[in-house]
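Written below as structure tokens is the structure these notes are about.
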Amino acid sequence: MRPFDFRDIAALDDTAVAIRTWISKSTSFFSDYWVEATGFSAKLDLGAITTESYDKILSEIPRHDLCCVAEIKDRLPSVWYTSGDQFRIILSDLLCLPPEDEGSDRDLSAIETDLSNYFINRVAESISRGWMGQGELEISVTDLEKDARKLRLFRGKDLVTKVCIEIECKGGTATLNWLLPKQKLPALLDETVDNRAGAEPAKPSKELIGQLPLDVVTMLGSAKIPMSDLAKLKPGELIILDQRIDEPMVSHVDGEPAFQCWAGRLGNKQAVQVSKCLNK
């Protein structure tokens, strides 16, 4: 048993549910970026969600923490911030180095800061692409700088929702904090909370469909032999197939006959040459 903290109620309402779903849908895009950059997969997850006054949250942020403005296009400004220790967990993946011990008070080098900005931009792109509402939602971020107190985006007494995004990577789990104005947040998420069921399903583009891989299977032929003969087979023996060499074979796509074709070679590889399409 423990006393109920009414700030926890922020994690139980529709807004929190929508944010959790949004981050969940963004993680696959981030993992794709991370695999391309590091060779390792990574995951975005949602940590605690709390609501406090802007002044109170600012007073709790150390001045040496790095921060930036994450501008949601045509919607609202927000703040991202975290400590150098958390960035060093991320950098251990990008630099292929073991993470440093927590509590290091050294500043990030110029290269580390550039890589941290790269990471922040990949997170922004991932969350933009994971947006569940209709239309696009672009998020642009400024370069990282110290002391979030300089980013006076909201009034001191305004309530802001603090969203903790957890980044699970090879070097460990890092946390990126996201401050959003509580009064404007429901308006941003209205279409995702209320209209998801009524929204038209997303339709993939023809270009995307054209890049989907399909298996083309061509059977050279088949044969039926008694079990007793099968047990006697030895390497080098020949099995006569039911396919005539003067008749074309049939290639199947997704289990359906699609082409008539002939067996052959292309360079050093086996190949088939399509002679006729069976299904227009």
Side-chain angles (χ1 to χ4, degrees), residues 5-27 29-30 43-62 65-83 86-87 116-117 119-167 174-196:
D5 187 341
F6 280 90
R7 292 174 300 179
D8 291 346
I9 203 168
L12 304 176
D13 61 14
D14 286 344
T15 297
V17 172
I19 293 176
R20 190 174 301 280
T21 305
W22 185 6
I23 298 299
S24 176
K25 289 185 175 294
S26 303
T27 190
F29 299 111
F30 179 75
K43 178 184 177 183
L44 297 181
D45 206 353
L46 188 64
I49 301 178
T50 57
T51 299
E52 300 278 6
S53 69
Y54 187 48
D55 268 349
K56 187 174 188 305
I57 290 181
L58 285 181
S59 66
E60 297 172 350
I61 302 176
D65 275 13
L66 295 168
C67 60
C68 67
V69 176
E71 182 78 32
I72 302 177
K73 185 178 180 182
D74 300 329
R75 307 280 183 147
L76 70 160
S78 60
V79 177
W80 284 357
Y81 73 90
T82 197
S83 67
Q86 300 300 303
F87 278 116
S116 297
N117 281 314
F119 157 72
I120 287 291
N121 278 278
R122 298 296 80 76
V123 173
E125 291 176 14
S126 302
I127 294 178
S128 295
R129 296 179 67 184
W131 173 243
M132 301 171 299
Q134 300 180 32
E136 296 182 356
L137 185 73
E138 180 183 343
I139 299 179
S140 59
V141 291
T142 60
D143 287 342
L144 291 167
E145 56 181 319
K146 286 185 177 181
D147 195 0
R149 290 167 178 76
K150 295 185 294 185
L151 306 179
R152 303 297 299 190
L153 299 182
F154 318 114
R155 295 176 302 180
K157 294 183 179 180
D158 286 349
L159 292 178
V160 293
T161 297
K162 177 182 174 182
V163 177
C164 295
I165 301 175
E166 296 179 346
I167 303 95
T175 299
L176 178 66
N177 300 299
W178 190 2
L179 302 182
L180 293 148
K182 182 172 177 58
Q183 288 185 336
K184 296 182 180 180
L185 191 55
L188 172 67
L189 298 172
D190 269 350
E191 56 187 295
T192 63
V193 174
D194 299 329
N195 300 333
R196 277 179 290 175

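Heavy atoms only: backbone and side chains are in, while hydrogens, waters and symmetry mates are out.
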Sub-4.5 Å side-chain heavy-atom contact between Tyr81 and Leu151
no
Taking the side chain as every heavy atom from C-beta outward, state whether Leu179 and Lys162 have any atom pair closer than 4.5 Å.
yes
Here the pair of heavy atoms bringing Ser53 nearest to Gly156 is CB-O, 3.9 Å
Phe30: which residues meet the ring-ring contact (aromatic ring centres under 6.0 Å, His included) condition with it, sequence neighbours left out?
Trp34
My understanding is that only one of Leu44, Asn177, Thr27 makes a side chain to side chain contact (heavy atoms under 4.5 Å, CB included) with Ile165; could you say which?
Leu44
Test item: Leu185 and Ile19 side chains (from C-beta on) under 4.5 Å apart, heavy atoms
yes
Taking the side chain as every heavy atom from C-beta outward, state whether Ile72 and Leu180 have any atom pair closer than 4.5 Å.
yes
Asp55 to Arg152 - nearest heavy-atom pair and separation:
OD1-NH2, 3.1 Å
Which heavy atom of Val141 sits nearest a heavy atom of Ala124, and at what distance?
CG1-CB, 4.0 Å
Return yes when atom CD of Glu145 has more than 12 non-hydrogen atoms of other residues, nucleotides or ligands closer than 6.0 Å, and no otherwise.
yes
Decide if atom NZ of Lys157 counts as having more than 12 heavy atoms of other residues, nucleotides or ligands within a radius under 6.0 Å.
no
Please tell me if the side chains of Trp178 and Ile127 come closer than 4.5 Å, counting only heavy atoms from C-beta onward.
yes
With a 4.5 Å heavy-atom cut-off, do Gln183 and Leu159 have their side chains touching?
no
Measure across Ser126 and Phe29 and return the closest heavy-atom pair with its distance rounded to 0.1 Å.
OG-C, 3.7 Å
Which residues pass the salt bridge (charged side-chain N to carboxylate O under 4.0 Å, His left out) test with Lys146, not counting sequence neighbours?
Asp107
Rounded to the nearest 0.5 Å, what's the gap from OG on Ser78 to NZ on Lys184? Could you check?
11.5 Å
Could you go step by step and tell me if Arg129 and Glu125 meet the salt bridge (charged side-chain N to carboxylate O under 4.0 Å, His left out) rule?
CA-CA 6 Å; Arg129 296 179 67 184; Glu125 291 176 14; over 6 Å; no
Beyond-backbone contact of Ile57 with Thr50, side-chain heavy atoms, under 4.5 angstrom:
no
Is the shortest side-chain heavy-atom distance between Leu137 and Ser128 below 4.5 Å?
no
Between CG of Asp158 and OH of Tyr54, what distance do you get to the nearest 0.5 Å?
9.5 Å
